[in-house]
Amino acid sequence: MTSIVVAILVFVALGALFGVGFYLNQKTPKPKGCENLTADCEGCRITTCPHHPHSTEGEKENA
Amino acid sequence: MELLSMAIAAILINNVVLTQFLGICPFLGVSKNSKSAVGMGLAVIFVIFGASLLTFALYKLVLVPFNIEYMQLISFILVIAAFVQFTEMFIKKYSASLYKSLGIYLPLITTNCVVLFVAQDNITQGYNLIETMVNSISVPAGFMLVLFLFSCLRERLDSADTTASWRGNPVALVVAALMALAFSGLAGIV
C-alpha cells in the first residue's frame with residue numbers, strides 16, 4: 001500500500017516539476033539577438049516539433 | 001582499463017546510431033552542415049550526462065528503496081523533460097552566447113530517444129556511479145562523432161552530381177549504411 005502511495009507521489013512530484021519548468025522556461029525571455037534562431041533542421045517525421053519546416057512555413061504564412 | 005574499453009566500445013563499436021538505430025531523427029535532420037552537427041552533439045552530451053546522473057540517483061535513492069522500480073520508464077521520461085526545460089531556462093537567462101550556439105537544439109533533444117536509452121541502459125546493465133558517468137559521456141560522444149562525420153559527407157554530397165531521384169535523404173541513407181558497414185569493421189579492437 002505504501003509503495004503505491006509513494007509511486008503516485010513520485011509521479012505527481014515529477015509531473016509538477018516538469019510543469020513548473022515548462023512554465024518558467026516559457027516565461028523567460030530569449031536573449032537579445034536570439035529571437036529568431038532556427039535549428040537548420042531538414043525535418044523528420046515529428047511534424048509537431050517547432051523546428052519542423054512545416055511549422056516555420058505556417059508561421060511565415062500567418063505573418 | 002575496463003572503463004577505457006567501455007568508452008571505446010560505446011563510441012566506436014556499439015555506436016548508438018549505427019548499430020542500435022537510435023537518434024535517427026536528429027542524425028538526418030541536423031546533419032546538413034557540420035556547425036549545426038557540432039552544436040547538436042555538444043548539447044546531446046550535456047543533456048545525456050546530466051539526465052543520466054539524475055535518473056541514476058532517482059532510481060537508487062527513491063525507486064529501489066520503495067520497491068517501485070516499475071515507475072522507471074515514466075519517471076525517467078519526466079526527469080529528462082524537466083531537466084531539458086530547466087537547462088534551457090538557465091542558459092537563456094545567464095549565457096546568451098551559449099544559448100545562441102546550443103539553446104536551439106535543446107527542445108529537439110527531449111524527443112531524442114538516445115537520452116532515454118542511456119538512462120535505462122545504465123540501470124539494466126547494473127553500472128555503478130563511475131561506470132554510469134563514463135557510459136553517459138561515451139554514448140553521446142559516439143553520437144556526436146557519427147553526426148559530425150555524416151554532416152561532412154553530406155556537405156560533399158550537396159555539391160556532388162547525384163541523380164535527381166537520389167538527391168537528399170535517399171543518398172544520405174545509403175551513405176549512412178556505408179558508414180555503419182565501415183564502423184562494423186572496428187568490432188575487433190576491444
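Chain letters run A, B, ... following the sequence lines, proteins first, then strands; residues in each count from 1.
- If you measure heavy-atom distances from Leu58(B) to chain A, the contacts under 4.5 Å come from the side chain alone.
- The most heavy-atom pairs under 4.5 Å with chain B, out of Gly19(A), Ala7(A), Pro29(A), come from Ala7(A).
- By the rule that hydrophobic residues join a cluster once side-chain heavy atoms approach within less than 4.5 Å of another member, Leu73(B) and Phe56(B) end up as members of one cluster.
- Taking hydrophobic clusters as Ile, Leu, Val, Met, Phe, Trp and Tyr residues chained together by side-chain heavy-atom distances below 4.5 Å, Phe90(B) does not share a cluster with Phe22(A).
- Leu78(B) and Phe117(B) fall within a single hydrophobic cluster, where Ile, Leu, Val, Met, Phe, Trp and Tyr are joined by side-chain heavy atoms under 4.5 Å apart, directly or via other members.
- Residue contact with chain A, scored on non-hydrogen atoms closer than 4.5 Å, involves the side chain of Tyr70(B) exclusively.
- Following chains of ILVMFWY side-chain contacts shorter than 4.5 Å, one can reach Val62(B) starting from Tyr59(B), so the two form part of one hydrophobic cluster.
- Note that the CZ atom of Phe18(A) and the CD atom of Gln85(B) stand 5.0 Å from one another [nearest 0.5 Å].
- For Phe66(B), the parts sitting under 4.5 Å from any heavy atom of chain A are the backbone and the side chain alike.
- Scanning both residues, Pro31(A) and Tyr99(B), for their nearest heavy atoms gives CD-CD2, 3.7 Å.
- Contact between Leu17(A) and Phe86(B) at its shortest, heavy atoms only, is O-CE1, 3.6 Å.
- Grouping the Ile, Leu, Val, Met, Phe, Trp and Tyr side chains by contacts below 4.5 angstrom, directly or via other members, places Val84(B) with Ile137(B).
- Heavy-atom neighbours of Glu2(B) CD from other residues, nucleotides or ligands within 6.0 Å: at or below the threshold of 12.
- The CE atom of Met89(B) sits 10.5 Å away from atom NZ of Lys27(A), with the distance rounded to the nearest 0.5 Å.
- For the atom pair CD1 (Ile68(B)) and CG (Leu9(A)), the distance works out to 9.0 Å, reported to the nearest 0.5 Å.
- Judged purely by atom type and a 3.5 angstrom limit, Lys92(B) uses its side chain to pair as donor or acceptor with the backbone of Asn25(A).
- Comparing Thr2(A), Leu14(A), Val20(A) by how many heavy-atom pairs each has under 4.5 Å with chain B, the most go to Leu14(A).
- Once rounded to the nearest 0.5 Å, the distance linking NZ of Lys93(B) with CG of Leu24(A) reads 9.0 Å.
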